[in-house]
Each structure stands twice: as C-alpha cells, then as structure tokens.
There are 2 protein chains.
Amino acid sequence: MPGRGPRASSRDAILRVFAEHVADRGYADTSLGDVAAELNLSKGTIVHHFGNKETLLREVHVAYFARRFAEADFVHVHLADPVSRLVAMIYALLAAHRDDRAASLACLRELVRYFDGDLTDYVRKQRVRYTEIVVDILRAGVEQGLLRTPDPQMTALQVFGMCNYAWTWYRPDGPQTVEDIARLFAHDILAGLVPRPGADPELDELVSAAIETVRRAPGRSASDDPGPDHPASGHGAPDDPTSENPGGDRAEPVPTAP
Amino acid sequence: MPGRGPRASSRDAILRVFAEHVADRGYADTSLGDVAAELNLSKGTIVHHFGNKETLLREVHVAYFARRFAEADFVHVHLADPVSRLVAMIYALLAAHRDDRAASLACLRELVRYFDGDLTDYVRKQRVRYTEIVVDILRAGVEQGLLRTPDPQMTALQVFGMCNYAWTWYRPDGPQTVEDIARLFAHDILAGLVPRPGADPELDELVSAAIETVRRAPGRSASDDPGPDHPASGHGAPDDPTSENPGGDRAEPVPTAP
DNA sequence: TGTTGCTGACCGTACGAGCGGTCAGTTAAG
DNA sequence: CTTAACTGACCGCTCGTACGGTCAGCAACA
C-alpha cells in the first residue's frame with residue numbers, strides 16, 4: 001500500500017489499475033470502488049484526482065494514442081519505403097496487444113464510446129490522425145508503384161481490422177509469438193493467399209527486417225515503461241487535449257478504425 | 001402496441017428490440033426496462049418470457065449463428081472450389097453487418113462475454129464450429145494448391161478480423177456498398193497488395209462471381225427474414241442448445257474469432 | 001527555532017438513481 | 001375452468017457522485 005506517501009501521487013497507479021479493469025470487464029462493468037479497493041484507496045480519492053469516471057477512460061485513451069504516435073514516428077524515422085513502413089505498423093499494432101495490453105484492450109473494447117460524442121473531440125482527432133498515417137503510407141506506396149489498391153482508405157480499415165481484432169483471441173502465452181503473427185499477417189496481405197509462380201523471396205526478408213527494426217526500438221520490453229515523453233514531432237498529437245473544439249461538427253465523414 | 005394480442009407472442013419482438021439496444025449501447029448499458037417501454041410492455045413480461053437478461057443475449061447469439069450456419073451451408077452447396085468459398089464467406093460476414101445488423105453488432109460487441117464461461121458452452125461450440133468452417137476451406141485450398149498459408153488457423157483469424165472489425169466503421173449509408181467492400185477485401189487478401197507483373201484478371205471475375213452467387217441467394221433483402229429453419233445439414237448447429245455439456249472443460253485450446 | 005497557516009492527498013459516509021429480478025394479482029383466449 | 005400473457009408495485013443491491021473533515025508536508029515569519 002502507498003501508505004499515504006509523501007506527495008506520492010497515486011494518479012498513475014489509479015490509471016493503470018483502471019485500465020486493467022476496463023480491459024478485463026469493460027467500462028460499464030468496471031467499478032471505481034473495486035479499483036480503489038485494489039489500491040487500498042478510498043473511492044473519493046479517485047474522484048479527487050480525476051473528477052469522474054469518463055475522464056479516467058479519456059486519459060487512458062489519450063495516453064495510449066500518445067504511445068502509438070511515438071511509435072509511428074519511430075517507424076517513419078527508421079524506415080523509408082512504404083512497404084516496410086506498412087509492415088512495421090502492422091507489427092506495432094499487434095505488439096501493443098502484448099506490450100501495452102491493458103490500455104490496448106481498454107481502448108479497443110470501448111472504442112465505440114467515442115462515436116456518439118460521449119468523449120472529447122480530442123480523442124476523435126487522435127483516431128482520425130492515426131488512421132491517416134496508415135492511409136498515407138498506402139497512398140505513397142501506390143504512387144511509387146510498390147503497392148496496389150484502388151482505395152487506400154478502405155484497405156487501411158482492412159489492415160486495422162486484422163490487427164485490432166486480435167484482442168479477441170490473442171493470448172501472450174499462446175503458441176505463436178507476436179512476431180510470428182505479424183510476419184504471417186504481413187505476408188498474407190502483401191503477397192496474397194493465392195500463390196504465384198514468381199514469388200520473390202525478397203519480400204520475406206523485407207518483412208522480417210521491418211519487424212526486427214521496430215522490435216529492437218529503444219524503450220521496449222519494459223512492460224510498464226510509459227514510453228518517451230512522446231515529443232511533438234511529425235505525427236505528434238493534434239492540437240491540445242485541453243482545448244475543446246468549439247462548434248466542432250459531430251459528422252465523421254471518413255471512417256476511422258484503430 | 002400489440003394490445004394483449006391473441007396469443008401474440010412478444011418473444012420475437014422482445015428479442016429484436018433487445019438486440020438493437022445491445023447493438024447500440026452494449027449489454028451492460030442495456031436496460032430491460034427500456035426495452036419493455038419501447039414495446040409498451042412491462043419489465044415483468046420480459047422476465048416471464050426469458051427468465052433473465054443473460055438468456056436474452058444467449059438467444060440472440062444462438063439465432064445469429066444459426067443464420068450464419070445456414071449461410072455457410074448455402075455457400076458449400078453452391079460453390080465448389082475453396083477460393084470461391086472463401087470469397088463467399090468474406091462477403092457473407094460483411095453482408096451480415098447490413099442485413100442482420102442488430103444481431104451482428106450485439107454478438108460482436110459482447111463477444112468477449114463468452115470467454116469466461118459466462119454463457120453456455122453451446123455458444124462456445126458455435127463459435128468454434130464456425131471458425132473451423134473457414135479453417136477447413138483454407139486447408140482444402142492449400143491441399144489443392146490453390147491457396148498458400150503456413151497456418152490456416154491464423155489466416156482464418158486474420159480474415160475474421162478484417163471482416164468483423166467492420167462493425168466499428170461500416171455504415172449502411174456509406175459511400176461503398178457491402179459488395180464493393182467485399183470485392184476489395186477479397187482481392188487484397190487473395191492477390192496481395194504488392195503488385196506482380198502476371199496478375200491474372202481471372203481472379204477478379206472469380207471474386208465477383210462468388211459474391212454474386214451469395215448475393216442472389218433466396219431469402220435475402222428481407223431484413224427481418226429469420227431465414228429458413230436452418231435445416232441440420234452439413235454445418236448445422238452442434239448438438240442441442242438445451243443440453244448443458246456436463247463436465248465440459250473451460251479450456252479453449254484453439255482461438256476462435258467470429 | 002518555534003509556530004502558524006496553507007495546500008492537497010486522502011478518508012468515510014451518505015445519497016439518489018437505476019438496475020435486475022420477484023410476485024401476487026388481472027385479463028383474456030382456448 | 002384452465003392456462004398463459006401480462007401488469008405494476010416492490011425489493012435489494014450496486015454504482016457514481018457529493019461533501020465535510022483529517023492530516024502530513026512545507027514555507028514564511030517571528
């Protein structure tokens with residue numbers, strides 16, 4: 001127990017346990033009382049720190065996407081060609097299931113809560129921005145003749161689906177490692193399931209190399225590593241979390257996924 | 001209002017409205033009182049018919065899978081080769097988002113409730129069986145040299161993911177039709193995103209033909225058509241819904257998805 | 001050095017709303 | 001008359017939230 005620590009802020013701990021509960025039970029079935037009890041805190045303390053339950057979920061979500069954006073930045077810095085970047089994004093999305101489990105599941109389970117304007121527009125912007133990163137990769141690949149798709153937006157949703165749906169079946173102690181899964185998914189979607197005579201072995205190497213690049217990224221494997229302070233570089237978070245887009249229209253012209 | 005109809009069983013109406021509420025709000029946030037009010041019924045009536053809330057969800061789930069199994073039967077009867085069958089299954093899964101919206105969303109949203117033994121083993125068996133249908137198609141394709149994947153089980157999960165995740169972004173009034181989406185997804189996963197010189201145009205025809213076959217299936221377009229009484233043919237439901245597998249182990253060796 | 005006063009993390013209780021579920025009774029069809 | 005759909009009041013419970021109060025640490029001041 002924190003034992004009324006000397007200014008020991010319980011914020012992070014509350015956020016962590018709350019995310020775990022949401023990941024395991026879902027938002028509606030997560031009780032603040034249970035979270036408080038697990039931390040030997042009073043329910044009132046949680047309210048003191050965050051105000052209400054919804055804010056907790058929002059903070060989990062914002063932090064999760066900050067980590068994903070930092071990851072995307074890393075990918076763009078260390079990998080140049082669109083195909084490698086796409087593989088890396090697939091791997092990153094799948095690896096989050098293992099390395100950022102609680103937040104990943106919490107966000108994916110409760111994803112639908114961000115549709116009806118329940119949560120801040122900032123969260124919506126994060127989702128749109130993240131989707132655009134992958135769409136841009138696909139579009140660049142098509143322009144360079146390295147990829148082929150008549151609708152990058154739609155294909156991005158396909159990629160998000162095959163990765164994000166993993167939360168329903170992926171288990172860290174399963175037979176396949178995340179790297180195995182990423183390699184298979186990337187190969188399937190890049191080379192296709194229909195075999196062709198002139199299948200180039202270079203593709204397998206490219207896939208493995210891209211995965212390895214991200215896997216060896218600094219600040220990995222430490223599961224409770226909150227990641228670098230996500231410097232506001234290329235794909236940094238849009239605007240500011242505190243500013244409530246005034247008069248922002250609720251219409252969502254382009255579907256987003258992650 | 002049904003006006004205390006002549007033996008007019010409200011069962012189906014309750015099930016329908018309940019599924020819609022779960023699809024829109026999720027199971028935990030669905031109130032039996034709200035469902036009853038929408039039907040001008042008393043909450044007690046719902047309990048009278050179904051016993052409790054969990055049973056309602058289970059019945060929605062069982063009915064949903066019965067429809068999917070009937071669909072899979074149709075596919076196997078009318079399409080012979082594994083590639084066409086795979087395309088048809090992709091299309092069927094996507095089309096359910098449009099033609100069987102409420103039940104699809106309800107099942108996909110609350111999918112995770114079937115992991116911890118909350119619901120009957122029968123529901124679990126349905127999921128496993130459905131997964132096996134697609135795995136078998138993939139395996140047959142590999143054996144006949146028409147498909148290539150080192151791990152049919154994993155690839156099946158990939159396919160389920162890209163289809164089922166559509167519930168998070170698909171809107172019936174969106175720019176693309178379900179047929180467009182299915183065609184794109186099928187082509188992407190079959191031919192791959194990396195273009196190859198000798199891309200055969202036959203594949204596009206095969207994809208379109210398979211989709212068209214399922215689209216023209218009898219008993220379609222009538223949205224509230226409960227479908228044929230899913231005759232217990234090849235892929236019929238496993239065992240009996242009422243029999244509670246005694247001593248069934250909770251272990252789920254192979255992950256399932258839909 | 002002693003004291004004073006402020007800040008903020010934290011507690012404990014209370015409250016009101018809403019939930020799933022119960023049950024005795026009513027109504028109408030067969 | 002029997003049966004079953006249905007009602008509406010009711011119970012027990014859980015939850016999010018509100019709020020008054022406690023106490024440790026710290027800084028300013030005498």
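Within every chain, numbering begins at 1; the chains are lettered A, B, ... in the order of the sequence lines, protein sequences first and strands thereafter.
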Whether B:Phe160 and B:Tyr130 hold their rings parallel, tilted or perpendicular, with breakpoints at 30° and 60°: tilted

Closest-nucleotide ordering on DNA chain D, the 5'-leading residue of A:Ala28 and A:Gly44: A:Ala28

Protein-nucleotide distance (A:Phe50, atom CZ; D:dG16, atom C1'), rounded to Å: 16 Å

A:Phe18 six-ring face occupied by A:Lys53 cation (under 6.0 Å, within 45°): no

Shortest side-chain distance from B:Ser31, nucleotide among D:dT17, C:dG20, C:dC10: C:dG20

Whole angstrom value for the distance that separates P of D:dC15 from CG of B:Asp29: 13 Å

Listed nucleotide nearest any side-chain atom of B:Ser10, set C:dC10, D:dC6, D:dT17: D:dC6

Options D:dG16, C:dG20, D:dC6, nucleotide nearest the side-chain atoms of A:Leu32: D:dG16

Closest nucleotide among C:dT22, D:dT7, D:dG16 to the B:Val47 side chain: C:dT22

Check: C:dG12 base within 3.5 Å donor-acceptor of A:Lys43 side chain: no

Distance below 4.0 Å between B:Ser42 side-chain N/O and D:dC6 OP1 or OP2: no

D:dT7 OP1/OP2 closer than 4.0 Å to side-chain N/O of B:Thr45: yes

D:dA18 OP1/OP2 closer than 4.0 Å to side-chain N/O of A:His48: no

